[in-house]
Amino acid sequence: DELCARIVSEPSRPWSVAGLARRFGYSPDHFTRLFKQSIGMSPREYCVRVRLQQAAELLRSTDHRVNEIADLLGYSSVYFFSRQFKQRTGVSPQAWRRGRPGPRSKR
């Protein structure tokens, strides 16, 4: 719970499975297994979901440009951010902002 809260509070931080595992004294594989048993997804997927949930909120609640949101959340490329956002939500960040998420939305 503490780790998840920290990830949520620092989504732009470049979290790594190896670094997290080392911090808790586990091998990366064992840490990933324990995390997945507890949370239901891998640490990497959890970090991506947290970032994208926060991106969705920023798209709806601010006037920040898409590239600014990508930067705020630690993405080095707005193109990668946009592609990942669309893969997970079914729509582009711009479409999400317009409020027309489309039929495949997973909101």
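Worth knowing before you read on, the calculation uses all heavy atoms, side chains too, and leaves out hydrogens, waters and symmetry mates.
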Pairs under 3.5 angstrom only: tabulate donor-acceptor contacts from the side chains of residues 73-82 to other protein residues two or more places apart or in another chain.
{"residue": "Y75", "atom": "OH", "partner": "Q84", "partner atom": "OE1", "Å": "2.4"}
{"residue": "S77", "atom": "OG", "partner": "Y79", "partner atom": "N", "Å": "3.2"}
{"residue": "S77", "atom": "OG", "partner": "F80", "partner atom": "N", "Å": "3.1"}
{"residue": "S82", "atom": "OG", "partner": "V78", "partner atom": "O", "Å": "3.0"}

| Considering all heavy atoms, the nearest T89-V91 contact | OG1-O, 3.0 Å
| query | If you measure from CG on L3 to CZ on F31, what distance do you get to the nearest 0.5 Å? | reply | 5.0 Å
| message | Before you tell me yes or no, could you show the steps for T62 and R97 under side chain to side chain contact (heavy atoms under 4.5 Å, CB included), namely the whole-Å CA-CA distance, both residues' side-chain angles and the distance that decides it to 0.1 Å? | response | CA-CA 9 Å; T62 72; R97 174 168 271 162; 3.9 Å; yes
| query | Can you name the residues that form a side chain to side chain donor-acceptor pair (under 3.5 Å) with E68, not counting sequence neighbours? | reply | none
| For the atom pair CG (L72) and CG (N67), what is the distance rounded to the nearest 0.5 Å? | 9.5 Å
| Which pairs, with at least one residue in residues 30-45 and sequence neighbours excluded, count as a side chain to side chain donor-acceptor pair (under 3.5 Å)? | E45-R49, E45-R88
| Among all residues two or more places apart in sequence or in another chain, which pass the salt bridge (charged side-chain N to carboxylate O under 4.0 Å, His left out) test with R83? | none
| Which pairs, with at least one residue in residues 37-60 and sequence neighbours excluded, count as a ring-ring contact (aromatic ring centres under 6.0 Å, His included)? | F35-Y46
| query | Which pairs pass side chain to side chain donor-acceptor pair (under 3.5 Å) with one or both residues in residues 10-26, sequence neighbours excluded? | reply | R6-E10
| What are the two closest heavy atoms between F85 and A56, and how far apart are they? | CE1-N, 4.0 Å
| request: Write down the atom of K86, the atom of S92, and the distance for their closest heavy-atom approach. | output: CG-N, 4.1 Å
| Which heavy atom of I7 sits nearest a heavy atom of V50, and at what distance? | O-CG1, 4.0 Å
| CD/E57 to CD1/I69 distance, rounded to the nearest 0.5 angstrom? | 10.0 Å
